[in-house]
Amino acid sequence: MRLYNTRTRKVEPFAPLRGDHVRIYVCGLTPSAEAHLGHARSFMFFDVLRRYLVHLGYRVTFVENVTDIDDRSIDAAKATGRDWREIVKGYFDSFKRSMARLHVLEPDHEPRATEYIAQIQVMIEELIAGGHAYAVGDGVYFKVRSFARYGALSGRNLDELMVGARIAADENKEDPLDFALWKLAKPDEPSWNSPWGPGRPGWHIECSAMSRALLGEPFDLHGGGYDLVFPHHENEIAQSESLMPAPPMANFWVHGGLLQFDNRKMSKSLGNFEPLYELLDRHDPQAIRLLFLQTGYRKPMNFTEESIDGATTGLHRLLGAYDALREAPPVKHLEAASAVAIKPFAARFYAALDEDMNTSGAVSVLFDLGAGAPALVQSGAASHAAAFMHEAMTLLGISPVERSHRPVKVEYETSVVRFESGGSDVVFKIVAPTDAAGRLPVGTVDILRADVGGFVTLDGDAKAAVDAVVAARHRAKLAKDFGLADRLRGALKSIGVVVTDEKEGVTWTVVGG
RNA sequence: GGCGACGUAGCCAAGUGGUAAGGCGGAGCUCUGCAAAAGCUCUAUUCCCCAGUUCGAAUCUGGGCGUCGCCUCCA
């Protein structure tokens with residue numbers, strides 16, 4: 001396969017440095033705030049990349065770190081009076097639950113900065129010994145001018161960075177661009193003992209130390225969001241490569257495009273994002289994955305309600321097509337020939353992924369296959385098509401069999417919904433307690449009484465009542481009283497219940513919210 | 001000010017020299033008592049604008065206009 005390499009600014013053929021073993025380090029979460037959709041996009045991409053490398057036959061070691069100590073979680077602890085570890089654990093656990101819902105596979109290693117304090121300190125000592133770092137009053141700093149290639153990854157040079165003027169002057173630093181390797185603790189701050197005094201690692205050094213400890217140097221692929229190119233990855237390179245006889249530290253640097261939310265940049269400082277777990281309550285995680293797959297991973301993308309609704313519809317079509325193929329009766333005598341019929345689809349699918357992970361092109365193949373499902377069933381190719389779809393969707397992290405219904409949300413404008421037909425045969429009343437705003441509580445409908453003229457009269461809970469009305473409509477249909485049947489369906493629709501006739505029977509779902 | 005992306009139908013989006021994938025939406029049709037779902041057909045003579053290179057350009061070059069990101073915590 002070919003992959004875009006930020007280091008060389010080119011799409012290049014990808015191959016492991018050693019044998020068939022691919023070593024990947026992806027910058028993970030700093031759990032000092034709830035994870036957002038932008039994190040999900042990035043981690044889902046690297047999840048698909050990893051799955052594809054495994055598919056290609058490589059043995060993959062996937063490391064995703066957790067920067068579990070940083071200034072913001074300390075600030076959050078100070079602000080709330082809680083222990084910083086508790087805050088980090090809360091956000092991290094929430095993140096892990098969301099990743100599971102999005103089918104992101106578990107990393108092979110998930111190292112935490114606080115578990116690698118010793119390795120971090122060793123590296124800092126090596127940097128000091130090599131003349132690349134110095135200890136001063138408030139900590140240890142990396143001497144940026146000691147690394148000739150500083151700025152190579154992000155295409156900057158030190159003198160131009162100076163002109164940028166937004167670099168805060170700091171009396172402790174020899175050069176304003178130098179960055180912290182070790183920060184000495186102020187009173188009441190968490191700290192670890194070190195040769196330079198109690199303190200904590202600066203941001204950047206943990207990744208250099210942990211990637212070296214777990215993957216060795218050089219390793220194959222270092223990933224992260226595009227916003228990490230500078231300064232985070234630039235600084236990692238400076239730290240690691242200053243100590244390496246034969247750079248680079250990572251052969252490929254891969255960066256995912258950033259996500260905007262309703263045309264607004266998402267960032268921790270702006271705090272303008274919806275927590276990921278909330279978004280996953282409102283939208284099918286599989287649809288979110290499909291939506292991201294339909295855009296090139298390096299392109300910036302804008303997430304809107306409209307775009308996720310479109311992807312949800314598309315997902316249903318894809319899953320419906322898969323069901324149709326899987327359930328089609330086999331046509332034995334055509335099997336051999338039909339296997340050949342699937343080959344062009346598979347070829348297109350994998351060719352797309354081979355070219356810098358063109359997931360959008362790959363997904364289009366699945367839609368083509370789905371659209372042709374009836375024809376494939378006819379020609380006896382259904383089982384082969386289903387098998388390929390299963391393989392392809394699984395590779396993309398979409399479960400072909402999972403059917404997550406949209407969470408039920410019921411909110412009505414009024415406390416009493418009435419339907420009365422022109423005639424005498426339908427009286428359908430639903431009465432429920434409401435909140436202060438006059439709306440029904442989400443997820444509950446209490447039907448106190450439903451009279452459906454002649455067919456049903458009952459008191460009871462909402463589900464039973466709706467079932468009864470649906471059954472009444474069904475009987476009306478059998479009696480060829482389509483006028484009544486339609487009025488009953490209309491009555492249900494007016495309270496947000498959609499009734500659908502299907503081959504196997506009648507189903508109803510609650511919509512709205 | 002510096003660096004870097006991007007601009008393809010109503011919306012999203014693939015495509016980097018050979019004559020515009022796919023998704024959503026929309027229109028018509030088929031099937032259904034009616035709906036829904038599903039399928040079929042149609043929906044960009046054209047890729048922000050101008051100039052150039054070429055037999056040929058959405059794709060390359062130059063210029064212009066516009067949008068956005070990074071340079072400060074960030075996936």
Side-chain angles (χ1 to χ4, degrees), chain A residues 9 11 26-30 32-33 35-46 64 67 70-72 75 95 151 154-157 159-168 203 223-232 234 255-260 263 265-271 273 290-291 293-296 298-304 306-318 320-321 323-324 348 352 355 358-368 370-375 377 477 480-483 485-486 489-490 493 498-503 506-507 509:
Chain A
R9 292 163 197 271
V11 177
V26 172
C27 283
L29 194 72
T30 300
S32 56
H36 55 63
L37 236 207
H39 295 112
R41 182 188 185 196
S42 184
F43 294 123
M44 270 194 271
F45 167 68
F46 286 106
E64 183 182 306
T67 301
D70 83 315
D71 292 355
R72 277 187 318 264
D75 291 345
F95 166 71
S154 56
R156 288 156 222 261
N157 74 59
D159 299 319
E160 281 169 359
L161 279 168
M162 290 301 292
V163 179
R166 287 210 255 182
I167 289 106
W203 182 44
Y226 196 77
D227 53 350
L228 294 181
V229 174
F230 188 91
H232 184 55
E234 198 70 71
H255 294 98
L258 300 184
L259 186 77
Q260 307 229 139
N263 287 311
K265 168 185 154 65
M266 289 193 291
S267 74
K268 287 186 177 173
S269 59
L270 294 176
F273 55 86
L290 180 64
L291 176 64
L293 290 168
Q294 285 182 296
T295 299
R298 288 195 281 129
K299 286 191 78 172
M301 90 172 265
N302 185 31
F303 179 90
T304 62
E306 190 186 4
S307 65
I308 185 58
D309 287 347
T312 304
T313 306
L315 175 70
H316 290 327
R317 273 195 49 213
L318 230 39
D323 285 342
R348 277 175 57 208
E355 190 56 33
N358 181 355
T359 52
S360 179
V363 165
S364 76
V365 177
L366 298 185
F367 277 106
D368 285 345
V377 169
K477 271 182 64 182
K480 302 279 184 203
D481 188 349
F482 296 119
D486 287 350
R489 185 166 57 192
K493 191 175 181 184
V498 173
V499 180
T500 309
D501 295 329
E502 289 167 13
K503 287 183 289 292
V506 184
T507 63
T509 49

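Everything numeric in this text was worked out from a predicted model, so none of it was measured. Letters A, B, ... mirror the listed sequences (proteins, then strands); counts begin at 1.
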Six-ring centre of A:Phe230, A:Arg156 cation under 6.0 angstrom, axis tolerance 45°: yes
Looking only at side-chain N and O atoms, does A:Gln294 offer a donor or acceptor that is under 3.5 Å from a partner on A:Ser360? no
Might you confirm whether atom CD of A:Glu355 has over 12 heavy atoms from other residues, nucleotides or ligands at distances under 6.0 Å? yes
Checking B:A75, B:A35, B:A14 against the side chain of A:Arg489 (C-beta onward), the nearest is B:A35
Spell out yes or no: do the side chain of A:Asp486 and the base of B:G33 have one donor N/O and one acceptor N/O closer than 3.5 Å? yes
Nucleotide nearest A:Thr313 (side chain, heavy atoms from C-beta), chosen from B:C71, B:G25, B:A75: B:G25
Could you check which of B:C11, B:G25, B:A21 has an atom nearest any side-chain atom of A:Glu306? B:C11
Interatomic distance, A:Leu290 CG vs B:C12 C1' [rounded to whole Å]: 12 Å
Listed nucleotide nearest any side-chain atom of A:Lys299, set B:C71, B:G4, B:A14: B:A14
State which of B:C24, B:A21, B:A75 makes the closest approach to the side chain of A:Leu258. B:A75
Report yes if a side-chain nitrogen or oxygen of A:Asn358 is closer than 4.0 Å to either non-bridging phosphate oxygen (OP1 or OP2) of B:G15; otherwise report no. yes
Looking only at B:G2, B:C11, B:G33, the nucleotide nearest the A:Phe482 side chain is B:G33
Answer yes or no: does a side-chain N or O of A:Lys477 lie under 4.0 Å from OP1 or OP2 of B:C34? no
Let's see if you can work this out: which of B:G2, B:A75, B:G39 has an atom nearest to the side-chain heavy atoms of A:Arg156? B:G2
Choosing from B:G4, B:A38, B:A75, which nucleotide comes nearest the side chain of A:Arg317? B:A38
Nearest-nucleotide pick for A:Asp368, side chain only, options being B:G2, B:A21, B:A75: B:A21
A:Tyr226 side-chain proximity, nearest of B:G4, B:A75, B:G39: B:G4
